[in-house]
Amino acid sequence: MKKIVVVGGGAGGLELVTKLGHAFGKKRQADVVLIDRSQTHIWKPLLHEVATGSLDINNDGLNYRAHAAKHHYQFQLGTLMGVNPEEKTLTLDSLSDDMGHIVLPERTISYDILIMAVGSVSNDFGTPGVADHCYFLDSHKQAERFQQALLNQFLRVHQEGPEAQLKLAIVGGGATGVELSAELFHVADMLKAYGMPEMSGKRVQVQLIEAGQRILPALPDRIASLATKELIRLGVTVSQNTRVVRAYDGGFQTADERNIEADLMIWAAGVKAPDFVANIEGFETTRNNQILVKGTLQTTAFDNVYVIGDCCACKQADGSFVPPRAQSAHQMASLVFDNIKASFLSEPLKEYTYKDYGSLVNLSRYSTVGNLMGNLMGGSMFIEGRIARFVYVSLYRLHLIAIHGWFKATVIMAAQKIGKVVKPKLKLH
């Protein structure tokens, strides 16, 4: 019996392993295994809400082990250290508890078919001081760590009196930086209802720093322009054409030798695949550590290894690479599932073609802007306001349906609605 291993339980990886479990694991045609370094899944576009406390992963996260039991695959907790494509083996790092005691030793796992879905991490481009002084939002653990620091800062500002201000600096004007900027004001306003009557968005100073000519560089100009106007209306200082050259305890230094002071510093600029990927012998990688693939999403050297999501470097007909977005991860997961099924039946494999269905940026409760349809109709349709917000929420609901099925996803969505009535709107611990 063949062994199919998926490394990485992000949006694409989890949707793929769910389909594989039902197609092959349930019928005992293959052993299906998911490996992830965390026990819990959260949809990555929502990490900025985890970071501000608007979303509690204890209530809204998915436990891999419980999910695996219901969807006919196995789950192994571990951090991938390396891959030996020639021997068809993976090496997982040892696992220790909070006291430093080894729970699981270093392990080697064999596979017949491997799917690399390890996602991406922020790219600090080697900027001095960033690793030591900045918060990152690449995982729910990092988001929760920032949430604790943010809550402590809100307590400090409230205690110091009405003149005190909380200064935050966010490097990176992509979707994460933009959505986090707006969410911070929303959270500050909500704290009035939770024992901080003097707290409001007016006591928060947020500076969004983007090295490029404008924020949201991957999206159309109209979306970026409207998002910029909305952020400025909220009170965000949007600094474009501003390159950070150093981070220090208390702020950033820019290329024009300005100092931007901050109580909390977040780095959300650039993405790359994890560094260990570049060291896997036999894989061709880009300068951002992404793994080069053929049109079938198989690696250039090994037909039994597929790559999906942010760590995948798939070249399009025009020479550009498929952008690292959630929608491309979903599409890649579906194609790889079809190709694995085809390989079992000795049928020809399909080629991947990226379909851009548009992009949406959610500015908390204040606004949502974006474009829909993309290549579907040869152009795009601009949307904003309630319609855009509805579509944005629908994308998350489609993800829930993909990993739970219609019935359970509907129950989960109903439970979340009820939870908003009976539970605090903010995570306060």
Requested in this report: Evaluate the side chain to side chain contact (heavy atoms under 4.5 Å, CB included) criterion for residues K44 and S139: first the C-alpha distance (whole Å), next the side-chain angles of each, then the deciding distance (0.1 Å), finally the verdict.
Outcome: CA-CA 8 Å; K44 195 170 183 179; S139 68; over 6 Å; no
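- Here the straight-line distance linking atom CD1 of I170 with atom CD1 of I260 works out to 12.0 Å at 0.5 Å rounding.
- Within 6.0 Å of atom CZ in R246, more than 12 heavy atoms from other residues, nucleotides or ligands are found, so the atom counts as buried in its surroundings.
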Requested in this report: For the pair N241 and Q213, evaluate side chain to side chain contact (heavy atoms under 4.5 Å, CB included) and give the outcome as yes or no after the intermediate values.
Outcome: CA-CA 5 Å; N241 289 309; Q213 294 183 350; 3.7 Å; yes
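- A donor-acceptor pair is defined here as one N or O able to donate and one able to accept, closer than 3.5 Å; no such pair exists between the side chain of Q29 and the backbone of F24.
- Of the N and O atoms on the side chains of D93 and T79, not one donor lies less than 3.5 Å from an acceptor on the other residue.
- Neither side chain, N63 nor T40, offers a donor N or O lying under 3.5 Å from an acceptor on the other.
- With D124 contributing its side chain and V130 its backbone, the two residues share no donor-acceptor pair below 3.5 Å.
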Query raised in the report: So S239 and Q207, side chain to side chain donor-acceptor pair (under 3.5 Å) or not? Walk me through it.
Result: CA-CA 7 Å; S239 300; Q207 184 145 348; 2.9 Å; yes
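- Using a 4.5 Å cut-off on side-chain heavy atoms (C-beta onward), Y306 and V293 make no contact.
- Checking each of L297, I308, V83 against M116 for a side-chain contact (heavy atoms from CB on, under 4.5 Å) leaves exactly one that passes, namely V83.
- For the residue pair Q331 and Y352, a side-chain donor N or O sits within less than 3.5 Å of a side-chain acceptor on the partner.
- Among all heavy-atom pairs drawn from I57 and H140, the shortest one is CD1-CG, 3.1 Å.
- The main-chain N or O of A69 is never found under 3.5 Å from a side-chain atom of H72 such that the two would form a donor-acceptor pair.
- Atom CG in L20 sits 5.0 Å away from atom CD1 in I4 (nearest 0.5 Å).
- In this structure, Y248 and D132 have side chains that are not in contact, with every pair of non-hydrogen atoms separated by 4.5 Å or more.
- Between V33 and Y111 the shortest side-chain heavy-atom distance does not fall below 4.5 Å.
- Residues Y73 and H22 keep their aromatic ring centres 6.0 Å or farther apart.
- Remark: the backbone N or O of S122 is paired with a side-chain donor or acceptor of D138 at under 3.5 angstrom.
- Shortest non-hydrogen contact noted between A333 and L16 is O-CD1, 3.5 Å.
- With hydrogens and angles left out, the side-chain atoms of E106 and S94 include no donor and acceptor closer than 3.5 Å.
- The side-chain heavy atoms of L150 and L168, taken from C-beta on, include a pair separated by under 4.5 Å.
- Residues R145 and Q142 bring no donor and acceptor atom of their side chains to less than 3.5 Å of each other.
- Of all heavy-atom pairs spanning V6 and G13, the tightest one is CG1-O, 3.9 Å.
- E230 CD to L226 CG: the interatomic distance, rounded to the nearest 0.5 Å, is 9.0 Å.
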Query raised in the report: Step by step, would you call C134 with F252 a side chain to side chain contact (heavy atoms under 4.5 Å, CB included)?
Result: CA-CA 10 Å; C134 294; F252 292 111; 3.5 Å; yes
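- Distance check, rounded to the nearest 0.5 Å: CZ of F185 to CE of M190 gives 14.0 Å.
- For R222 (side chain) and A224 (main-chain N/O), no donor-acceptor pair under 3.5 Å exists by modelled atom type.
- Classified by interplanar angle (parallel below 30°, tilted 30° to 60°, perpendicular above 60°), the ring pair H399/W43 is parallel.
- Remark: D60 CG to L46 CG distance equals 8.5 Å, nearest 0.5 Å.
- Side-chain N or O atoms of N288 include none that pairs as donor or acceptor with a backbone N or O of Q290 at under 3.5 Å.
- Side-chain contact, S320 with D318: a donor N or O sits under 3.5 Å from an acceptor N or O.
- T299 places a side-chain N or O within donor-acceptor distance of the main-chain N or O of F302, the cut-off being under 3.5 Å.
- K350 and D338 are joined by a salt bridge, as a carboxylate oxygen and a charged side-chain nitrogen come within less than 4.0 angstrom of each other.
- Side chains of I115 and I340 form a contact here, defined as non-hydrogen atoms less than 4.5 Å apart.
- For the residue pair T52 and S54, a side-chain donor N or O sits within less than 3.5 Å of a side-chain acceptor on the partner.
- Taking each heavy atom of T18 and A402 in turn, the nearest pair found is CG2-O, 4.0 Å.
- A distance-only check finds a donor-acceptor pair linking the side chain of H41 to the backbone of G9 [under 3.5 Å].
- The side-chain heavy atoms of M413 and L400, taken from C-beta on, include a pair separated by under 4.5 Å.
- In terms of heavy atoms, N123 sits closest to W267 at O-NE1, 3.1 Å.
- Closest heavy-atom contact between F283 and P85: CE1-CG, 3.7 Å.
- The environment of CG in D97 is crowded: more than 12 heavy-atom neighbours from other residues, nucleotides or ligands sit within 6.0 Å.
- Between the side chain of Q240 and the backbone N or O of I215, at least one donor-acceptor pair lies under 3.5 Å.
- Of the possible polar contacts, one joining the E210 side chain to the G173 backbone as a donor-acceptor pair under 3.5 Å is found.
- Considering only residues two or more places apart in sequence or on other chains, R325 meets the side-chain contact (heavy atoms from CB on, under 4.5 Å) condition with A218, L219, P323, Q327, S328, Y354, D356, S359.
- Between the CG atom of L77 and the CD1 atom of I35 there is a distance of 10.0 Å, given to the nearest 0.5 Å.
- Side chains of Q253 and V244 form no contact here, defined as non-hydrogen atoms less than 4.5 Å apart.
- Heavy atoms of other residues, nucleotides or ligands lying less than 6.0 angstrom from CZ of R243 number 12 at most.
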Report task. Kindly indicate, with the supporting measurements, whether the criterion side chain to side chain contact (heavy atoms under 4.5 Å, CB included) is fulfilled by N304 and L114. Result -> CA-CA 6 Å; N304 66 330; L114 172 65; over 6 Å; no
Please tabulate, for side-chain N and O atoms in residues 268-277, each donor-acceptor pair with protein atoms closer than 3.5 Å (sequence neighbours left out).
from, atom 1, to, atom 2, distance (Å)
K272, NZ, D275, OD1, 3.1
D275, OD1, N289, ND2, 3.1

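- A donor atom on one side chain and an acceptor atom on the other are found under 3.5 Å apart for K19 and S334.
- Between E347 and K341 the shortest side-chain heavy-atom distance does not fall below 4.5 Å.
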